[in-house]
Amino acid sequence: MAEKTDIKSVLREELVGQLDKWREPAYRADQVLRWVYEKQAGSFEEMSNLPANLRQKLAETFELNAVHALKTRHATDTTEKFLFQLRDHSLVETVLIPATPGLTSSSDRHTVCVSTQVGCAFACKFCASGLEGVKRNLSAAEIVDQVWHVRKLTGEKVNNIVVMGMGEPLANYDNLMRALKVLNAPWGLGIGARKITVSTVGLVPRIKQLAEEPMQLRLAVSLHGATDEVRERIMPVNKKYPLKELLAACDFYVNTKRRMMTFEYILIADVNDSLEQAQKLGGIAKRLRAKVNLIPYNPVEGLLWRRPERDRCKMFQHVLMQHGVASTLRTEKGTDINAACGQLRLQHEKANEQTPVS
Ligand code: SF4
């Protein structure tokens, strides 16, 4: 039997094409999509305004769920973390973050942070996701379905997406773009492109490609060092795409899109938190008119780095302010549920426990 297609990776015009082959009118596609995204149907059987034979054909052709929720964890600050299992039993993490200063404006209510790969090849030194390398890319449906399930499990409206979970989003470019089309489409999850932030370690050719996409996505570059020497200590990718090339790609993005971009900067004690780095970062961000999100390091089990004192973080931020650069100093959310990407998954794999929540 032919393998089924995940319906959450299918674009409206493709569904219309499939229904046309079955001699069904185009409005049926809108009915199906309304069931999937608006009414959040859990099976084709539920789609009660469709003829029974069509429901059967849909069930034979398409899969409705690409991920399965294994467990959720609540932090005291209402951040919620989800562990999803994929059909091959791989695990990915997704986080629901209410009103997130530093990522979005404070009036924004619910942000979902999605994963794009199982594991990660980039081995940033502060991150648990890169500890065991990359296993595979997520499909478009697996990306969409994280948001879909968070919405269904919590009953919350999702109004922002940050593509900052496990994996390097731009290393899974085609699946990511397809997923973002579904998340953005009025027939899909209807999340405005301007409310979607794509984060990258700095894959230069892909940043340029992203600049030429019609969607007005926000770009966030994980900088974490304002000189090659410091950045290389933290992010091995800097050897392949050094700062000069990365910043030229950022220039291209900002000028092509005419949009502000963001630099993410994790402050690590005695590694990248010197005032000299702050001066350099201030210069870079000012020239690109970029905003800077300062994120105090979240300790990872097995890694030796430390979070700087709060005063040190504030001094660093003050230097940015002197350059006229807009910045936020994040109050870390979800520290008590291991919100640093990859930690819940690693712990789960160690414990090998399975607690289904749906
Ligand atoms: S921070 Fe992102 S890109 Fe770097 S290792 Fe972790 S998941 Fe990969």
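From a predicted model like this one, the values you see are computed outputs, not experimental measurements. Numbering of ligands and ligand atoms starts at 1, following listing order. Sequence positions, counted from 1, serve as the residue numbers for this chain.
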Atom 4 (Fe) of ligand 1 to nearest N/O/S of Cys120 below 2.8 Å: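 It does not: Cys120 brings no N, O or S atom closer than 2.8 Å to atom 4 (Fe) of ligand 1.
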
Partner of Ile268 under side chain to side chain contact (heavy atoms under 4.5 Å, CB included), chosen from Ile295, Ile234, Asp273: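 Among Ile295, Ile234, Asp273, the one that satisfies the side chain to side chain contact (heavy atoms under 4.5 Å, CB included) with Ile268 is Ile234.
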
Presence of N, O or S from Cys127 under 2.8 Å of atom 6 (Fe) of ligand 1: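 Under 2.8 Å: Cys127 contacts atom 6 (Fe) of ligand 1 through an N, O or S atom.
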
Let me check something: any side-chain donor-acceptor pairs from residues 208-217 under 3.5 Å, sequence neighbours excluded? List them with distances.
residue: Gln209; atom: OE1; partner: Arg206; partner atom: NH1; Å: 2.5
residue: Glu213; atom: OE2; partner: Tyr173; partner atom: OH; Å: 2.7

Nonpolar side-chain network containing Met315, other nodes, edges under 4.5 Å: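 Besides Met315, the hydrophobic cluster comprises Leu275, Val319, listed by chain and residue number.
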
side-chain hydrogen bond (donor to acceptor under 3.5 Å, both in side chains) partner of Glu142, chosen from Gln117, Arg136, Arg87, Lys8: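 By the side-chain hydrogen bond (donor to acceptor under 3.5 Å, both in side chains) criterion, Glu142 pairs with just one of Gln117, Arg136, Arg87, Lys8: Arg136.
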
Which atoms of ligand 1 are found less than 4.0 Å from any heavy atom of [X]?
X      : value
Ala123 : 5 (S)
Phe126 : 1 (S)
Gly167 : 2 (Fe), 7 (S)

Asp30/Arg12 ion pair, N-O < 4.0 Å: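 Looking at Arg12 together with Asp30, the answer is yes, because their closest N to O distance falls below 4.0 Å.
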
Ser222 contact mode with ligand 1 (heavy-atom cut-off under 4.0 Å):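 Neither; nothing of Ser222 gets under 4.0 Å from ligand 1.
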
